[in-house]
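Computed over heavy atoms, backbone and side chain alike; hydrogens, waters and symmetry mates excluded. Every chain is numbered from 1, with letters handed out A, B, ... down the list of sequences.
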Number of protein chains: 2
Amino acid sequence: MDRLFHALADTTRRDILRRCVRGELSVSRLAEAYPMSFAAVQKHVAVLERAGLVTKRRSGREQLVRTDPDAVGRARQALDELESAWRGRVDRMARLLAEDPGTDENDTTEGPER
Amino acid sequence: MDRLFHALADTTRRDILRRCVRGELSVSRLAEAYPMSFAAVQKHVAVLERAGLVTKRRSGREQLVRTDPDAVGRARQALDELESAWRGRVDRMARLLAEDPGTDENDTTEGPER
DNA sequence: TTCATCTACAACCATTTGGTTGTACGTTAG
DNA sequence: CTAACGTACAACCAAATGGTTGTAGATGAA
């Protein structure tokens, strides 16, 4: 979660994500687009990879970068949960679950984070 | 944008946001909840404030922290745009705008960021 | 007034970040 | 084979981060 948002908190990295939307791009092709060294872009891609936002696929001597379609969805879901709390939906849901002694699996109210 | 995601990229800060959902909390009240100094929490609140995620209101000698309901919406919208690009919606929209010589204000295709 | 509380802010420190350069290795092209 | 390309990775550096302590200013309570 920390890594996800941290990866998104950089203009270059968000731009890399946008560029990889249309299709796979090699790291060196990406590096041409930015006023920085190849190694720097390589590091940005590594950050995105550790956050699960992109995956790399080897093709010959090139390393093709592709976005993970589900990753942004996960980030959005995290914000949705935050927004739900905002609107009090979580509280009401928790209260309903408390009254109904049914299957209460997940805990959405306590602890700083999972 | 950078500041927004960076503010969200920390467990303590996300937790502060959740705690301030129900109502305003003073900084010292917040500080009691975490195993760190008052000044550290103060800094976290400052980061959230610079990102526009919370606002502070003075009440006597206390400084009450409150979440900005629209802020998470803004972050979600940013992710929505990213997700739209994923799905190619932005591209099709841009193509439509290109064919229609009408009011083409925003540029969504070039540059690293706004 | 005096004291305790809440806040603000500066100074400091260790670690991380974002960038650089340089070197080494696998792969493709001539 | 040799040269060029794409990548990986280490070492290094300046700046930012996340934490600390200490000091000082407002405000509320005794």
Need one value for Thr12(B): base, sugar-phosphate or nothing, where a base atom within 4.0 Å counts as base even if backbone is also close, heavy atoms only. nothing
What's the closest nucleotide to the Arg61(A) side chain, out of dA29(C), dG19(C), dT7(C)? dA29(C)
Using heavy-atom distances to pick each residue's nearest nucleotide on DNA chain C, tell me which of Gly60(A) and Pro35(A) is more 5'. Pro35(A)
Could you tell me from which nucleotide to which nucleotide of DNA chain D, 5' to 3', there is an atom under 4.0 Å from chain A heavy atoms? dA4(D) to dA11(D)
Rounded to the nearest 0.5 Å, what separation is found between the CD atom of Glu49(A) and the CD atom of Gln63(A)? 7.5 Å
Arg58(B): partners by side chain to side chain donor-acceptor pair (under 3.5 Å), with sequence neighbours left out: none
From CD of Gln63(A) over to P of dC25(C), roughly how many Å is that when rounded to an integer? 18 Å
Taking only the side-chain nitrogens and oxygens of Gln42(B), find out if one of them lies under 4.0 Å from OP1 or OP2 of dC9(C). no
Can you tell me the distance, in whole Å, between the CZ atom of Arg50(B) and the P atom of dA8(C)? 13 Å
Specify the separation, in whole Å, of atom CG of Asp10(A) and atom P of dT16(C). 18 Å
Tell me, please, which residues at least two apart from Gln42(B) pass side chain to side chain donor-acceptor pair (under 3.5 Å). none
For Met36(B) and dT15(C), what is the distance between atoms CE and P respectively, to the nearest whole Å? 17 Å
Between dG26(C) (C1') and Glu62(A) (CD): distance, integer Å: 13 Å
Using modelled atom types only, decide if a donor and an acceptor are shared between the side chain of Arg3(B) and the backbone of Ala9(A) within a distance under 3.5 Å. no
dT17(C) P sits how many Å from Arg13(A) CZ, rounded? 9 Å
Rounded interatomic separation in angstrom, taking CZ from Arg14(A) and P from dG18(C): 12 Å
Can you measure Asp2(B) atom CG to dT17(C) atom P for me and round it to whole angstrom units? 15 Å
Looking at Tyr34(A), is Arg19(A) sitting on its ring face, NZ or CZ under 6.0 Å from the six-membered ring centre and within 45 degrees of the normal? yes
With a 4.5 Å heavy-atom cut-off, do Arg13(B) and Leu8(B) have their side chains touching? no
Assuming nearest nucleotide by heavy-atom distance, tell me which of Val47(B) and Ala39(B) is located more 5' along DNA chain D. Val47(B)
A side-chain contact here means heavy atoms from C-beta on lying under 4.5 Å apart; do Met1(A) and Arg14(B) qualify? yes
Distance below 4.0 Å between Ser28(B) side-chain N/O and dT5(C) OP1 or OP2: no
